[in-house]
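Accompanying notes for the structure given below.
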Amino acid sequence: MVREEPQLGHGALLSTVGTWSEGVAAAAREAVQLLAAGYQRVPALVLAVSALLLLPAVAILSFAVQAAARRRTRQAASRSAQLRAAAAEASDEVLPSAASPLWAHQAWLTPQEGDAGTLPLAGQTIRIGRHQDNDIRLPDTSVHRYHAVIEQTADEEFVITDVSGTDGNGVRVNGERLARAQLADGDIIELGRTRLKFESVPV
């Protein structure tokens, strides 16, 4: 014979829930009172215990933030790879040969002092200056943050333009200060105290 468990009515259930919530509230009040009393007696110990209780929550939050950042980084890297692949496919369709050079001349700058080696001019526009985000950075206090720009024109010419401003040190090509000048193989460019030799050869 199966014995049926007595079921609580709606009123009895509310009474039970109310008793349970009152018990939780009373326990919380007692915990707060204990912490307050402990803080008055031994504040350092209470602070240390509180810190220990907070550390796991902070660690979990930090882990969640780092995991979200890693996920966003992976997604961005994946999107970037997809865009690069699409761009490579498009360029293969447009260019007849990937090995053919973009320009008919190669050019570079050679510092006349120090052992910096050659500085290739890779690209249609090359920014030169002291600031980090220039294409060619010259760590010389006499060089302006953004001092000059070298452009390769559609006629395969290299042209340097002074962007240091009217109060700047300017650009000198073979000793002559010029706002804009077409460069030829062997020209000496002076940006402040820095001297650079421009060299160019056909590809």
Quiz item: Could you state the interatomic distance from CG (Asp133) to CZ (Arg137), rounded to the nearest 0.5 Å?
Solution: 10.5 Å
Practice problem: With side-chain contact (heavy atoms from CB on, under 4.5 Å) as the test, would you mind laying out the steps for Ile189 and Thr194 before giving the verdict? | Solution: CA-CA 8 Å; Ile189 302 168; Thr194 299; over 6 Å; no
Practice problem: Please report the closest heavy-atom contact between His144 and Asn169, naming both atoms and the distance. | Solution: NE2-N, 2.9 Å
Self-check item: Distance (rounded to the nearest 0.5 Å) between Arg145 CZ and Gln132 CD
Solution: 10.5 Å
Quiz item: Taking C-beta and beyond as the side chain, do Ile128 and Leu138 meet within less than 4.5 Å on heavy atoms?
Solution: yes
Quiz item: With sequence neighbours left out, what residues match Arg177 under side-chain hydrogen bond (donor to acceptor under 3.5 Å, both in side chains)?
Solution: none
Self-check item: Nearest-0.5 Å distance that lies between atom CG in Leu183 and atom CD in Glu151
Solution: 11.0 Å
Quiz prompt | Leu191 and Val171: CA distance, side-chain angles, deciding distance, side-chain contact (heavy atoms from CB on, under 4.5 Å) verdict | solution = CA-CA 5 Å; Leu191 306 176; Val171 173; 3.6 Å; yes
Quiz item: Once you round to the nearest 0.5 Å, how far does CD of Glu199 lie from CZ of Phe158?
Solution: 12.0 Å
Quiz item: Taking atom OG of Ser142 and atom CD of Glu190, what is their separation to the nearest 0.5 Å?
Solution: 10.5 Å
Practice problem: Given side-chain contact (heavy atoms from CB on, under 4.5 Å), test Tyr146 with Ser164 step by step and report yes or no. | Solution: CA-CA 6 Å; Tyr146 302 98; Ser164 66; over 6 Å; no
Quiz item: Between atom CG of Asp162 and atom CZ of Arg180, what is the distance when rounded to the nearest 0.5 Å?
Solution: 11.5 Å
Quiz item: Could you go step by step and tell me if Ile150 and Leu121 meet the side-chain contact (heavy atoms from CB on, under 4.5 Å) rule?
Solution: CA-CA 8 Å; Ile150 295 179; Leu121 303 181; 4.1 Å; yes
Self-check item: salt bridge (charged side-chain N to carboxylate O under 4.0 Å, His left out) partners of Asp140, counting only residues at least two apart
Solution: Arg193
